[in-house]
Amino acid sequence: MTDTSALIPSIPWLKTRRALLAIAVLVSSVAGCIAMYRVTLSLAMGWQIAMLMLFALTFTWIALAFWGALCGFVVCALNLDPLSLRRLSREIPNARLLVSRTALVMPIYAEPPIPTFAGLEATCRSLLAHALDDHDEQEAANPLSEHFDVFILSDTQDTDHAKLEEAHVAALQRRFAGELAIHYRRRPNNNGRKAGNIAEFCRRWGRRYDFMVVLDADSLMSGATLLRMVQRMQRQPSIGMIQTVPIPVGQKTLFGRFTQFASALYSPMLAAGQSFWQGDAANYWGHNAIIRTRAFMDHAGLPTLPGKPPMGGELLSHDFVEAALLKRGGWQVLLDTTVTTAVSRHNPYVSASHNSFEAMPSNLLDFAKRDRRWLQGNLQHLRLLGGAGLHPLSRLHFFYGAFAYLSSLVWLGLLICTSVLVTYHVLGEVSGHPLPQPLSLGLLSITLGMLLAPKLLGLGLALWQAPHAFGGRLCLIVSTCLEMVFAALIAPLMMAWHSLFIINVLLGRSIEWQTQPRGERSLSWRETWQHTGWMTLSGLLWAGIMVVFSPTAFGWLTPAWLGLVGAAPLVKYTSSGTWGGVVRYRLGLLKTPSSTLKPPLLEAFETLVENSHPYPLDPTTQHPFPLVPTPAEHRGEMPCQSFKQFDRQAATNPSATFKEPH
């Protein structure tokens, strides 16, 4: 018998952590609202209530981000695991310890084949190289063949594109013959989109595997990271899912370089803060994660929401829901941030080998279009807040994900109310005493300070632990200042886009979930102006009204109206790879650990992309190698779950039902 009590991850004082965070956020919010109440004393009751409600929502959101970042800063500064609060482990994963079977699952839908399969090949090569390092030459030459399989799950509907996929997959299968089994399956339809694609894999082959690692078409993961996750799942059978924190890489446009720099600098710390208080009820982001297959099949079958899209129908942002269902079923969902705290000087091995990467849209328009899809999916989660049996943090994830977009509408309402009230005040239509300017400026300063604090904490952490990974201290400081200015300028644009998207959803306008643009794309002036012209005109009108009625308010609101006025050139020039090259190579700014330390995984990926064979697009051309048949099916059920009722007694007790991986 296995003593499973010792195999459950230790998360000490988790309830205390959550309680202290909740108290800190609540006290901050109440203090801010009291200050705002004093600011709005001279307003009419209706205006006062509106301002207080909008401010309370915005300030609470800011306070949660601030205190979460502070928790992450302390954890990273002390070099601690945010879950166990122990020193970060330097354990090197060992392929000899594998006793399980894992499927690397990559769902794709009309993706560009060269970067997609180059990324998959780089991941597989890294896995094989790490495993071979752990074996003597006299031992089996293929130590992973019994423990890992790869599945490329295509939903591509275009026949010509599918033939191109098959050619690349067949060549990939030939290159890995005798080393790693790579399988290709294409569905005749894409019912359920990505979630339906993975669900079909689970029903057909899921029972063959203890775990599955979900990869997106732009995912890159090192062999050390994959082995480490598998071994942790083997040791701790109560874990249903481990989500890593993928860092964006590979973009050369100015927007892409800003995004990659910000993610590399802030994400490790922010994720550590989230892991610190979320504990075993973390979230799932849909990729670069390992899942216990049978737990997923038993508990994560997605229902269809009643009603028509956009708020009904298929669940678009399925990952949040799958994590919530796993947690409801009694499984632990963890956020592993130790992979992305890799820039620390205290753990040089991790920085060299443990990697989890992804790609990002190369320009603001494609970034906003991706947000449009996510927004519709996240707003659906509001209908699940009262779902039966859900963990309180799962409900918070649903609300948090939706409010990430709704906050733009709240912020817009707050700015409009402020502007209207300033105008009324100048015209003498507000009775009573004038607004107390010192308190207003003080409250504004505190709010801005809490907004900027996470960035400054991230900067301080990097300056202390790993300035060399960002090009040195001076380069890091200047790059951070530039990024903060850039973030301030694009915030009004995202506010405007998100507000427009929300209004469209409320009007019942749904969108199709199409393939995400992943390559470099420089925008034309025509396309840019088509999507941003209304912002520029609105910004000019707003700034003009403020400068006429209140130059002081005009100055206060500069970060908001300036981004709108400069929307077109900002979107246009940040989509340029030329300007991205100038900032990176001529000025030496926006360097990231992935570019300065250059992990072998990224070097291998770039080499594979450069040397990939571009198969002809002519569908009549036959690729030289036949596809390897898919393995024998081992079918299993994946029942749809209900949010209306849940029998907690019937939920899985992982410790009680523990079985050794086969």
Side-chain angles (χ1 to χ4, degrees), residues 21 24-36 39 51-74 76 258-259 261-274 277 367 371 400-401 403-419 439-463 476-477 479-499 553-564 566 570:
L21 179 76
V25 172
L26 183 62
V27 169
S28 302
S29 301
V30 170
C33 289
I34 290 173
M36 189 64 179
V39 170
M51 290 287 287
L52 282 174
M53 289 181 60
L54 293 171
F55 178 82
L57 289 170
T58 303
F59 197 76
T60 303
W61 179 260
I62 294 171
L64 179 58
F66 168 77
W67 288 108
L70 189 59
C71 291
F73 174 80
V74 173
C76 292
F258 270 123
T259 304
F261 175 81
S263 183
L265 184 60
Y266 312 133
S267 290
M269 181 193 72
L270 296 176
Q274 290 180 16
W277 62 268
F367 186 83
D371 266 10
Y400 196 91
F403 195 74
Y405 298 104
L406 291 172
S407 60
S408 293
L409 201 59
V410 172
W411 183 30
L412 177 62
L414 190 61
L415 290 174
I416 291 174
C417 286
T418 301
S419 302
L439 184 58
S440 302
L441 289 173
L443 183 57
L444 179 64
S445 300
I446 292 173
T447 304
L448 290 176
M450 293 178 69
L451 273 172
L452 295 177
K455 295 180 180 289
L456 296 176
L457 290 173
L459 171 62
L461 195 64
L463 284 172
L476 175 57
I477 293 172
S479 298
T480 304
C481 292
L482 277 178
E483 191 281 327
M484 291 169 70
V485 172
F486 175 71
L489 289 175
I490 68 169
L493 276 68
M494 301 312 300
M495 173 195 71
W497 269 321
H498 289 168
S499 299
F554 172 82
W556 287 4
L557 297 173
T558 296
W561 63 257
L562 184 60
L564 294 176
L570 188 64

Visitor: Please determine whether side chain to side chain contact (heavy atoms under 4.5 Å, CB included) holds for the pair L57 and S407, giving the CA-CA distance in whole Å, both sets of side-chain angles, and the decisive distance to 0.1 Å.
Guide: CA-CA 8 Å; L57 289 170; S407 60; over 6 Å; no

Visitor: For the CE atom of M36 and the CG atom of L54, what is their distance to the nearest 0.5 Å?
Guide: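 Spacing of CE (M36) from CG (L54) equals 9.0 Å.
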
Visitor: Working to the nearest 0.5 Å, report the span between CG of L451 and CD1 of I446.
Guide: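 Spacing of CG (L451) from CD1 (I446) equals 12.5 Å.
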
Visitor: With sequence neighbours excluded, what pairs up with W67 under the ring pair (Phe, Tyr, Trp, His ring centres under 6.0 Å) test?
Guide: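 Applying ring pair (Phe, Tyr, Trp, His ring centres under 6.0 Å) to W67 gives none.
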
Visitor: Could you tell me the separation between the CE atom of M450 and the CD1 atom of I62, rounded to the nearest 0.5 Å?
Guide: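 It comes to 7.0 Å.
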
Visitor: With rounding to the nearest 0.5 angstrom, report the OG1 to CG distance, T480 to L463.
Guide: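 Going from the OG1 atom of T480 to the CG atom of L463 covers 7.0 Å.
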
Visitor: Can you measure from CZ (F258) to OG (S263) and round to the nearest 0.5 angstrom?
Guide: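 Spacing of CZ (F258) from OG (S263) equals 14.5 Å.
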
Visitor: Check A491 against W411 and note the closest heavy-atom contact, atom names and distance.
Guide: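 Smallest heavy-atom distance, with atoms named: O-CZ3, 3.6 Å.
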
Visitor: So which atom in M269 and which in C76 form the shortest heavy-atom distance, rounded to 0.1 Å?
Guide: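 Looking at all heavy atoms of both residues, the shortest contact is CA-SG, 3.9 Å.
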
Visitor: Taking only residues two or more places apart in sequence or in another chain, which ones pass side-chain hydrogen bond (donor to acceptor under 3.5 Å, both in side chains) with T60?
Guide: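 T60: side-chain hydrogen bond (donor to acceptor under 3.5 Å, both in side chains) contacts with S29.
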
Visitor: Just do the side chain to side chain contact (heavy atoms under 4.5 Å, CB included) check on T447 and F59 with the steps written out, would you?
Guide: CA-CA 7 Å; T447 304; F59 197 76; 3.6 Å; yes

Visitor: Heavy atoms, side chains only, cut-off 4.5 Å: are W497 and D371 in contact?
Guide: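 The answer is no; the side chains never approach within 4.5 Å.
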
Visitor: Apply side chain to side chain contact (heavy atoms under 4.5 Å, CB included) to the pair H498 and L412, showing each step before the final yes or no.
Guide: CA-CA 10 Å; H498 289 168; L412 177 62; over 6 Å; no

Visitor: What are the two closest heavy atoms between A69 and L270, and how far apart are they?
Guide: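 Here A69 and L270 meet closest at CB-CD2, 3.6 Å.
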
Visitor: Check A462 against L265 and note the closest heavy-atom contact, atom names and distance.
Guide: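 Nearest pair, atom of A462 first, then L265: CB-CD1, 3.5 Å.
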
Visitor: Kindly give the heavy-atom pair with the smallest separation between L414 and F55, and that separation in Å.
Guide: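 Taking L414 first and F55 second, the nearest heavy atoms are CD1-N, 4.1 Å.
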
Visitor: Indicate the ring-plane relationship of W561 and F554, choosing parallel, tilted or perpendicular according to the 30° and 60° boundaries.
Guide: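 Rings of W561 and F554: parallel, as their planes differ by under 30°.
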
Visitor: Within this structure, what is the CG-CG distance for the pair L456 and L461, rounded to the nearest 0.5 Å?
Guide: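 If I round to the nearest 0.5 Å, the distance is 12.5 Å.
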
Visitor: Kindly indicate whether the side chain of Y400, heavy atoms from C-beta on, has any atom under 4.5 Å from the side chain of L64.
Guide: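 Answer yes - side chains close enough.
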
Visitor: For L459 and Y266: C-alpha separation, side-chain torsions, deciding distance, then whether side chain to side chain contact (heavy atoms under 4.5 Å, CB included) applies.
Guide: CA-CA 8 Å; L459 171 62; Y266 312 133; 5.7 Å; no

Visitor: Quick one: closest heavy-atom pair of A35 and L443, and the distance?
Guide: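 Reported closest heavy-atom pair: CB-CD1, 4.0 Å.
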
